[in-house]
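Before any comments, here is the structure.
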Amino acid sequence: MPPKKEIDLKNLDLTHIYTPEEIEYINNHLKTRINFENGRLLPIPQSPIANEAVVHEISRQLGNWNVETGQNGIVTTSQGGYNFSVKGQRKIRAPHIAFIPENIYNSLSKTQLLTFFGQPFTPIFVTEVVNVSKEAILNEVDIRFKNDYFATGTSVKLGWLIDPRNHMIWTYEKDDDENVTRQKRKWEDLDGGNILPGFTLDIEFVEKIISQKYDEDELLIEEVKENEDKESEHQTSEKDLGLI
């Protein structure tokens with residue numbers, strides 16, 4: 001159903017709260033899907049190629065396990081959005097990697113499969129690949145895991161936060177009483193436990209992707225420049241929107 005008010009797709013308003021019908025219209029007419037939270041647009045930064053290569057490698061291993069062990073579930077990556085609508089808040093999230101068991105996927109209606117309407121559903125496993133060298137970034141991702149992915153009412157039982165650049169891993173687990181625990185792990189193979197029975201992430205293949213030698217000083221300069229460019233773009237966007 002088209003929205004009652006015409007939407008200018010070339011000038012979407014980051015401050016406007018869109019209706020579900022408008023959200024669906026926007027996603028249907030753009031070449032890429034947009035993330036929304038309570039009707040507001042969420043900007044999605046592009047990922048460096050090494051990070052995306054790690055995402056692909058983890059999803060490849062997970063996909064192989066899915067087929068070889070006859071799980072017949074569904075593996076999605078960062079374009080696969082889920083409706084994490086809990087506690088009255090509408091949140092569309094796309095984890096870097098996620099897994100849905102066969103029984104859940106087969107139970108979904110056409111509306112759930114092809115739109116973000118219908119009864120919300122979530123995966124049982126999620127992974128984020130993030131450079132969390134700064135405490136503020138770790139805190140931000142930690143809140144996303146606990147408040148979105150592992151919120152009361154979601155199906156997520158296991159989550160991995162993997163920082164390949166700094167060789168750091170955190171695991172998140174939810175028990176039957178909806179309690180969530182986070183644990184820092186060594187940079188070594190990860191066991192899927194009872195949630196992904198028989199699956200072990202071979203960290204050696206991830207290591208090969210990020211083991212290329214590079215100049216640390218050059219990398220630091222590029223990171224500083226990248227942060228400055230992002231800050232400049234952010235201020236420009238706010239100025240254009242009349243926020244500053």
Side-chain angles (χ1 to χ4, degrees), residues 1-5 7 12 16-44 55 59 62-63 65-67 70-128 141-161 172-181 192-197 199:
M1 178 184 297
K4 296 179 180 179
K5 182 180 179 181
I7 298 175
L12 295 175
H16 179 71
I17 298 179
Y18 292 93
T19 66
E21 290 76 17
E22 289 173 330
I23 292 173
E24 193 65 20
Y25 176 83
I26 292 170
N27 276 325
N28 284 340
H29 288 79
L30 291 181
K31 293 181 180 179
T32 182
R33 297 199 71 85
I34 303 296
N35 277 7
F36 291 87
E37 178 174 328
N38 294 328
R40 292 186 184 275
L41 285 165
L42 294 178
I44 306 175
V55 168
S59 64
L62 186 63
W65 162 84
N66 182 43
V67 173
Q71 301 293 322
N72 299 318
I74 298 296
V75 177
T76 61
T77 52
S78 52
Q79 286 298 309
Y82 297 88
N83 188 352
F84 286 87
S85 296
V86 294
K87 299 180 180 179
Q89 295 184 327
R90 180 176 174 81
K91 293 184 178 180
I92 306 300
R93 291 285 186 265
H96 287 156
I97 303 133
F99 177 74
I100 312 174
E102 178 184 21
N103 64 318
I104 294 180
Y105 188 80
N106 289 343
S107 70
L108 301 178
S109 66
K110 183 177 180 180
T111 300
Q112 290 172 302
L113 287 170
L114 302 180
T115 74
F116 288 116
F117 297 103
Q119 183 68 26
F121 68 95
T122 56
I124 64 169
F125 168 71
V126 298
T127 294
E128 292 283 340
V141 179
D142 183 62
I143 290 173
R144 186 188 312 157
F145 268 86
K146 293 178 178 177
N147 290 2
D148 297 343
Y149 299 156
F150 284 86
T152 300
T154 71
S155 301
V156 182
K157 297 292 185 181
L158 176 66
W160 294 345
L161 169 54
Y172 292 77
E173 295 184 58
K174 183 195 289 183
D175 61 24
D176 294 336
D177 296 322
E178 299 283 332
N179 297 313
V180 179
T181 57
N194 296 329
I195 307 304
L196 306 174
F199 175 65

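Any value given below was found using the heavy atoms of this structure, including those in side chains, with hydrogens, waters and symmetry copies removed.
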Provide the closest heavy-atom pair for [X] versus [Y] in the form atom of the first, atom of the second, distance.
X      : Y      : value
Pro95  : Gly80  : CD-O, 4.1 Å
Trp65  : Pro197 : NE1-O, 2.9 Å
Thr152 : Glu178 : CA-OE1, 3.6 Å
Gly118 : Thr111 : N-CG2, 3.9 Å
Asn66  : Asn72  : OD1-N, 3.2 Å
Ala94  : Ser78  : CB-O, 3.3 Å

Checking Leu196 against Leu62 for the side-chain contact (heavy atoms from CB on, under 4.5 Å) test, could you report, in this order, the C-alpha distance in whole Å, the side-chain angles of both residues, the deciding distance, and whether it holds? CA-CA 9 Å; Leu196 306 174; Leu62 186 63; 4.0 Å; yes

For [X], give me all partners under side-chain hydrogen bond (donor to acceptor under 3.5 Å, both in side chains), at least two apart in sequence or on another chain.
X      : result
Gln71  : Thr69
Thr76  : Tyr82
Asp175 : Asn179

Which residues pass the side-chain contact (heavy atoms from CB on, under 4.5 Å) test with [X], sequence neighbours left out?
X      : value
Leu113 : Tyr105, Leu108
Val180 : Phe150, Tyr172, Lys174
Ser107 : none

For atom CG of Asn194, decide whether the heavy atoms of other residues, nucleotides or ligands shown that lie under 6.0 angstrom number more than 12.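 It does not: Asn194 CG has 12 such atoms or fewer within range.
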
If I take atom [atom1] from residue [X] and atom [atom2] from residue [Y], how far apart are they, to the nearest 0.5 angstrom?
X      : Y      : atom1 : atom2 : value
Asn147 : Asp142 : CG    : CG    : 8.5 Å
Asn106 : Glu102 : CG    : CD    : 5.0 Å
Glu173 : Thr181 : CD    : OG1   : 5.5 Å
Asp148 : Lys146 : CG    : NZ    : 13.0 Å

Might you work through the side-chain contact (heavy atoms from CB on, under 4.5 Å) test for Phe145 and Val126, ending with a clear yes or no? CA-CA 9 Å; Phe145 268 86; Val126 298; 4.0 Å; yes

Show, in sequence, the C-alpha distance, side-chain angles and deciding distance for Phe99 and Phe199, and conclude whether the side-chain contact (heavy atoms from CB on, under 4.5 Å) test is met. CA-CA 12 Å; Phe99 177 74; Phe199 175 65; over 6 Å; no

The single option from Arg144, Arg93, Glu128 that satisfies side-chain hydrogen bond (donor to acceptor under 3.5 Å, both in side chains) with Tyr149 is Glu128

Looking at Thr122 and Ser155, would you say the former's side chain and the latter's main chain have a donor-acceptor pair under 3.5 Å?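 Yes.
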
Given side chains that start at C-beta, do those of Ile124 and Ile104 come closer than 4.5 Å, heavy atoms only? yes

